[in-house]
Amino acid sequence: MKKLFLSLIVTGSVIFTNLLADGIKIQGSIAEIYDNNKTILIDAIHGGQIAIKILPNTEIDMDDCGIFGMDKKGMFKDLKIGDFLEAKVYYMSSAITPPSTTIPAARKIEIECRKKAY
């Protein structure tokens, strides 16, 4: 019985860790850009604001943003306040800093440069 209980706990923790590793999808518009620590503040569509860390290997896709509406790969300097984005983020945690106090890091950001409603 103890072995079964222990195996269920280990399996549950592995599944939970894999869910965090796959990431979370956040949608919203950029409210602030902090160039000094490469972080952006997002006004999320579900309410509230969330800070996201942009890493050197973060993929930034800019749909319809290039010449003649072509897609292009972006960089941190291409991000602008007001841009609507969809970000796939994950939480980097360790034994020292619990996940609730860490800023999520962006794995991929997609920006659409289409006309806005207002």
Side-chain angles (χ1 to χ4, degrees):
M1 185 69 165
K2 288 182 182 180
K3 287 183 181 180
L4 177 63
F5 182 70
L6 183 61
S7 67
L8 287 175
I9 289 175
V10 170
T11 304
S13 64
V14 168
I15 290 172
F16 180 72
T17 304
N18 285 339
L19 286 175
L20 287 179
D22 287 343
I24 300 167
K25 190 183 294 186
I26 296 173
Q27 294 178 328
S29 59
I30 299 175
E32 295 289 331
I33 299 174
Y34 304 104
D35 192 36
N36 58 344
N37 60 357
K38 303 296 189 236
T39 305
I40 57 176
L41 186 66
I42 305 296
D43 281 330
I45 62 171
H46 300 293
Q49 293 183 328
I50 185 166
I52 299 174
K53 176 79 174 163
I54 309 299
L55 300 174
N57 63 339
T58 299
E59 183 181 341
I60 301 175
D61 289 335
M62 303 181 77
D63 296 336
D64 302 324
C65 297
I67 298 173
F68 304 115
M70 296 174 57
D71 296 348
K72 72 176 197 174
K73 297 290 181 186
M75 297 175 64
F76 183 82
K77 65 180 182 178
D78 296 324
L79 300 175
K80 297 183 294 281
I81 293 176
D83 282 347
F84 185 82
L85 60 82
E86 180 177 296
K88 293 180 183 174
V89 300
Y90 62 95
Y91 286 87
M92 299 181 296
S93 63
S94 66
I96 298 170
T97 57
S100 62
T101 61
T102 59
I103 295 176
R107 176 181 298 149
K108 183 176 183 178
I109 294 176
E110 294 181 21
I111 297 175
E112 294 186 11
C113 295
R114 298 184 187 136
K115 291 184 180 181
K116 297 178 173 62
Y118 58 90

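Values below: every heavy atom of this structure, side chains too, minus hydrogens, waters and symmetry copies.
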Exercise for the section: Please identify each residue that fulfils side chain to side chain contact (heavy atoms under 4.5 Å, CB included) with Ile33, with sequence neighbours left out. Expected result: Ile30, Ile40, Phe76, Leu79, Ile81

Handout entry: Side-chain cluster (under 4.5 Å, hydrophobic types only) that Tyr34 belongs to, other residues
Key = Leu41

Work out which heavy atom in [X] is nearest to a heavy atom in [Y]; give both atom names and the distance.
{"X": "Ser29", "Y": "Gly82", "answer": "CB-O, 4.1 Å"}
{"X": "Ala87", "Y": "Ile109", "answer": "CB-CG1, 4.1 Å"}
{"X": "Leu55", "Y": "Ala105", "answer": "CD1-CB, 3.8 Å"}

Practice task
State yes or no: do Ile26 and Tyr91 share one hydrophobic cluster built from I, L, V, M, F, W and Y residues joined by side-chain heavy-atom distances below 4.5 Å, directly or via other members?
Solution key: yes

Completion exercise
Those residues at least two apart in sequence (or on a different chain) that pass salt bridge (charged side-chain N to carboxylate O under 4.0 Å, His left out) with Lys73 are Glu59, Asp61

Handout entry: Results of salt bridge (charged side-chain N to carboxylate O under 4.0 Å, His left out) for Glu32 - residues two or more places apart only
Key = none

Handout entry: side-chain hydrogen bond (donor to acceptor under 3.5 Å, both in side chains) against Asp35, all qualifying residues, sequence neighbours excluded
Key = Lys38

Exercise for the section: Could you note down all residue pairs passing side chain to side chain donor-acceptor pair (under 3.5 Å) where residues 44-57 supplies at least one of them, sequence neighbours left out? Expected result: Asp43-Gln49

Hey, what do you get for [atom1] ([X]) to [atom2] ([Y]), rounding to the nearest 0.5 Å?
{"X": "Ile54", "Y": "Thr39", "atom1": "CD1", "atom2": "OG1", "result": "7.5 Å"}
{"X": "Ile60", "Y": "Lys72", "atom1": "CD1", "atom2": "NZ", "result": "10.5 Å"}
{"X": "Ile52", "Y": "Tyr90", "atom1": "CD1", "atom2": "OH", "result": "12.0 Å"}

Problem - Side-chain touch Pro104/Ile24, heavy atoms, less than 4.5 angstrom - result: no

